[in-house]
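Hydrogens, waters and symmetry mates are skipped; everything else that's a heavy atom, side chains included, is used. Keep in mind it's a predicted model, so treat the numbers as computed, not measured.
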Amino acid sequence: MMVRDSEAIILRTYPFQEADKIVSFFSREEGRTRGVAQNARRSRKRFGASLELMSHVRIRYRERPNRDLVRVDSCELLDSFFDAQSNYDVAVATSYLSEVCERMLPEREPNDPFFRLVLLVMEELRRTGRIWRALTYFDIWVVKLAGLLPSLSSCHRCRSEFAPAETAWFRSEWNGLLCGACKGEDDWVLHPASRGIARHMLTNSLAGIPEDDWDKKRAGDLRRFLGQQMEHHLERKLITRRQLEQIS
């Protein structure tokens with residue numbers, strides 16, 4: 001067996017057999033990995049609160065030849081976001097981050113920028129209790145890091161450049177934005193202000209994005225566009241996106 005010790009983020013756990021748990025975690029060195037935490041359901045003393053959703057941990061595990069699941073030996077809690085999730089909006093946003101990580105990250109492929117992004121956004125959710133600014137930043141960078149972000153300055157179909165104040169459109173079956181001449185009747189609108197927010201977020205840290213006036217409506221069209229890019233790539237819907245849409 002090969003023993004590994006890694007910083008990680010807990011993405012999901014679920015029951016396995018009588019006393020164990022399957023743990024899906026995002027290892028900084030090894031990428032998204034799944035393992036078995038033996039007796040985790042029977043005794044909380046061994047793992048404590050370290051297996052809570054999106055906990056930042058130091059995890060020790062063993063890789064076994066010809067086995068898909070590793071064996072989790074220990075899990076030391078470095079930082080917990082459990083208390084922040086007593087806020088319903090933050091709890092839904094946390095579930096959304098977990099689902100995006102589970103779906104967008106390939107197994108066993110390290111991705112340090114993605115790892116740092118998740119911790120940054122979780123810390124911001126805990127600090128402010130407000131979700132829309134942090135989630136917009138998360139979405140734009142997830143799509144960017146996955147190599148799925150199309151041009152924000154030109155039409156996907158005719159390649160014409162958008163004027164700074166020009167409205168763009170998008171649809172779920174297209175990977176990019178469309179100009180007024182190429183759009184269809186039922187396409188979604190992406191406003192110039194939201195394109196500006198996207199460009200600003202791609203060139204600034206989250207701390208450099210002003211916190212004022214971030215309600216659900218602001219950049220809602222941008223989040224819809226980015227969500228559709230992810231779902232088009234995954235060829236499936238993200239369940240928690242629908243839960244976020246229900247938040248007032």
S.K.: Donor-acceptor pair, distance only, cut-off 3.5 Å: does the side chain of D187 make one with the backbone of K183?
M.R.: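 Answer holds: no.
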S.K.: Determine whether I247 and I131 make a side-chain contact, defined as any pair of heavy atoms from C-beta on separated by less than 4.5 Å.
M.R.: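 In contact.
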S.K.: Relative to W188, does R224 satisfy both conditions: NZ or CZ under 6.0 angstrom from the six-membered ring centre, and within 45 degrees of the ring's axis?
M.R.: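 Geometry flag: set, cation within 6.0 Å and 45°.
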S.K.: So that I can tick it off, tell me whether R41 and D20 are bridged by a salt bridge, with the cut-off set at under 4.0 angstrom between side-chain N and carboxylate O.
M.R.: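 No salt bridge links D20 with R41.
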S.K.: Please assess L226 against L222 for the test side chain to side chain contact (heavy atoms under 4.5 Å, CB included), listing each intermediate value before the final yes or no.
M.R.: CA-CA 6 Å; L226 296 168; L222 176 60; 3.9 Å; yes
S.K.: If you take all heavy atoms of C75 and L51, which pair is closest and at what distance?
M.R.: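 Smallest heavy-atom distance, with atoms named: SG-CD2, 4.0 Å.
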S.K.: Which distance, rounded to the nearest 0.5 Å, do you find between the CE of M230 and the CD of E99?
M.R.: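 Output value for this atom pair is 10.0 Å.
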S.K.: Could you check whether R108 pairs with E63 (Lys NZ or Arg NE/NH1/NH2 to Asp/Glu carboxylate O, under 4.0 Å)?
M.R.: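 Looking at E63 together with R108, the answer is yes, because their closest N to O distance falls below 4.0 Å.
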S.K.: Does any non-hydrogen side-chain atom of K216 lie less than 4.5 Å from one of R223?
M.R.: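 Yes, side chains in contact.
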S.K.: Can you name the nearest heavy-atom pair linking R133 to A207, along with the distance?
M.R.: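 Scanning both residues completely, I find the closest heavy atoms to be NH2-CA, 4.2 Å.
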S.K.: Do the side chain of S98 and the main chain of T94 share a donor and acceptor less than 3.5 angstrom apart?
M.R.: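 A pair under 3.5 Å: no.
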S.K.: Taking the side chain as everything from C-beta on, heavy atoms only, tell me whether C155 gets closer than 4.5 Å to C158.
M.R.: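 Yes, their side chains come closer than 4.5 Å.
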S.K.: With a 4.5 Å cut-off on side-chain heavy atoms, are V142 and F138 touching?
M.R.: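 Yes, side chains in contact.
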S.K.: Take R126 and D79 through the salt bridge (Lys or Arg N to Asp or Glu O under 4.0 Å) test and state the conclusion after the steps.
M.R.: CA-CA 11 Å; R126 176 174 60 187; D79 199 3; 2.9 Å; yes
S.K.: Would a single hydrophobic cluster contain both L145 and L152, if residues Ile, Leu, Val, Met, Phe, Trp and Tyr are joined by side-chain heavy-atom contacts under 4.5 Å?
M.R.: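 They do share one cluster, since a chain of ILVMFWY contacts under 4.5 Å joins L152 to L145.
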S.K.: Run the numbers on L178 and F170 for side chain to side chain contact (heavy atoms under 4.5 Å, CB included), then give the verdict.
M.R.: CA-CA 6 Å; L178 300 170; F170 61 95; over 6 Å; no
S.K.: For V57 and S50, work out which heavy atoms get closest and say how close.
M.R.: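 That would be CG1-O, 3.3 Å.
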S.K.: The test is salt bridge (Lys or Arg N to Asp or Glu O under 4.0 Å); show your working for R195 and E166 and say whether it passes.
M.R.: CA-CA 10 Å; R195 295 209 317 276; E166 183 178 354; over 6 Å; no
S.K.: Kindly say whether G31 contributes a backbone atom to a donor-acceptor pair with the side chain of T33 at under 3.5 angstrom?
M.R.: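 Yes; judged by distance alone, with no hydrogens or angles, the pair exists.
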S.K.: Does any part of the side chain of N39, heavy atoms only, come nearer than 4.5 Å to the side chain of F47, both counted from C-beta?
M.R.: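 No, every pair of side-chain atoms sits at 4.5 Å or beyond.
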S.K.: Using side chain to side chain contact (heavy atoms under 4.5 Å, CB included), reason through V118 and M54 one step at a time and then give a plain yes or no.
M.R.: CA-CA 9 Å; V118 174; M54 303 305 284; 3.4 Å; yes
S.K.: Within the side chain of D83, is there an N or O that forms a donor-acceptor pair under 3.5 Å with the backbone of S86?
M.R.: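 Side chain of D83 to backbone of S86, a donor-acceptor pair under 3.5 Å: no, none is there.
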S.K.: Any chance CD1 of I239 has more than 12 other-residue heavy atoms, nucleotides or ligands included, within less than 6.0 Å?
M.R.: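 Not buried by this count: 12 neighbours or fewer within 6.0 Å.
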S.K.: Rounded at 0.5 Å granularity, tell me how far CG in L149 sits from CD1 in I140.
M.R.: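 Here the rounded value is 5.0 Å.
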S.K.: To the nearest 0.5 angstrom, please state how far the CH2 atom of W141 sits from the CZ atom of R116.
M.R.: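 Reported value, rounded in 0.5 Å steps: 9.5 Å.
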S.K.: Can you tell if the side chain of P106 reaches within under 4.5 Å of the side chain of R32, non-hydrogen atoms only?
M.R.: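 They are not in side-chain contact.
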S.K.: Check the hydrophobic clustering (I, L, V, M, F, W, Y; side-chain heavy atoms under 4.5 Å; chains of links allowed) and say if L135 and L120 are grouped together.
M.R.: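 Linked, L135 and L120 end up in one cluster.
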S.K.: Under 3.5 Å, is there a donor-acceptor pair linking the side chains of N175 and H156?
M.R.: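 Result is no, nothing qualifies.
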S.K.: Can you name the closest pair of heavy atoms from P110 and E29 and give their distance?
M.R.: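 Closest heavy-atom pair between P110 and E29: CG-O, 3.0 Å.
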S.K.: Go through the steps to decide whether W169 and C179 satisfy the test side chain to side chain contact (heavy atoms under 4.5 Å, CB included), and finish with yes or no.
M.R.: CA-CA 6 Å; W169 283 264; C179 66; over 6 Å; no
S.K.: Can you pull out every ring-ring contact (aromatic ring centres under 6.0 Å, His included) where at least one residue sits in residues 65-102? Sequence neighbours excluded, please.
M.R.: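 Those involving residues 65-102 do not exist here.
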S.K.: Should L53 and F25 be counted in the same cluster of Ile, Leu, Val, Met, Phe, Trp and Tyr side chains packed under 4.5 Å apart?
M.R.: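 Hydrophobic grouping puts L53 apart from F25.
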S.K.: Spell out, yes or no, whether L69 and Y61 are grouped together once hydrophobic residues are joined by side-chain heavy atoms under 4.5 Å, including indirect joins.
M.R.: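 Different clusters: L69 never reaches Y61 through Ile, Leu, Val, Met, Phe, Trp or Tyr contacts under 4.5 Å.
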S.K.: Applying the side-chain hydrogen bond (donor to acceptor under 3.5 Å, both in side chains) criterion to E231, which one of R241, R236, R103 satisfies it?
M.R.: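 Single side-chain hydrogen bond (donor to acceptor under 3.5 Å, both in side chains) partner of E231 among R241, R236, R103: R241.
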S.K.: Under 4.5 Å between side-chain heavy atoms, hopping through other hydrophobics if needed: is there a path connecting L97 to L206?
M.R.: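 The answer is yes; both residues are in one hydrophobic cluster.
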S.K.: Is there side-chain contact between W174 and R157, with heavy atoms separated by less than 4.5 Å?
M.R.: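 Yes, close enough: below the 4.5 Å cut-off.
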S.K.: For D73 and R62, what are the C-alpha separation, side-chain angles and deciding distance, and is it a salt bridge (Lys or Arg N to Asp or Glu O under 4.0 Å)?
M.R.: CA-CA 7 Å; D73 290 335; R62 298 172 186 265; 2.6 Å; yes
S.K.: Taking atom CZ of R60 as the centre, does the number of heavy atoms from other residues, nucleotides or ligands within less than 6.0 Å exceed 12?
M.R.: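 Check fails, neighbour count at 12 or below.
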S.K.: Examine the side chains of Q228 and S172 and answer whether a donor and an acceptor come within less than 3.5 Å of each other.
M.R.: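 Not at all, the side chains of Q228 and S172 share no donor-acceptor pair under 3.5 Å.
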S.K.: Any chance you could measure I9, atom CD1, to L119, atom CG, to the nearest 0.5 Å?
M.R.: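 The CD1 atom of I9 sits 4.0 Å away from the CG atom of L119.
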S.K.: Evaluate E102 against S24 for side-chain hydrogen bond (donor to acceptor under 3.5 Å, both in side chains), listing each step before the verdict.
M.R.: CA-CA 8 Å; E102 281 268 279; S24 174; 2.3 Å; yes
S.K.: How about V23 and R34: do any of their side-chain heavy atoms sit closer than 4.5 Å?
M.R.: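 In short, these two side chains do not touch, never coming nearer than 4.5 Å.
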S.K.: Output the distance between atom CD1 (I209) and atom CD (E124), rounded to the nearest 0.5 Å.
M.R.: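 Answer rounded to 0.5 Å: 10.5 Å.
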S.K.: To the closest 0.5 Å, what do you measure between CG (D89) and CG (L244)?
M.R.: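 One gets 9.0 Å once the value is rounded to the nearest 0.5 Å.
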S.K.: Between the side chains of E7 and S27, does any donor sit under 3.5 Å from an acceptor?
M.R.: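 No - no donor-acceptor pair under 3.5 Å links their side chains.
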S.K.: Looking at every non-hydrogen atom in both residues, tell me the closest pair between G129 and N87 and how far apart they are.
M.R.: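 Residues G129 and N87, closest heavy atoms: O-ND2, 3.3 Å.
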S.K.: For a quick check under 3.5 Å, do S154 and S151 share a side-chain donor-acceptor pair by atom type?
M.R.: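 Result is yes, a qualifying pair exists.
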S.K.: Nearest heavy-atom pair of A8 and I59: which atoms, and what distance?
M.R.: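 That closest heavy-atom pairing would be CB-CG2, 3.8 Å.
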S.K.: Just do the salt bridge (Lys or Arg N to Asp or Glu O under 4.0 Å) check on R171 and D186 with the steps written out, would you?
M.R.: CA-CA 8 Å; R171 62 183 72 158; D186 298 324; over 6 Å; no
S.K.: Got more than 12 heavy atoms from elsewhere within 6.0 Å of CD, E18?
M.R.: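 Result for CD/E18: open.
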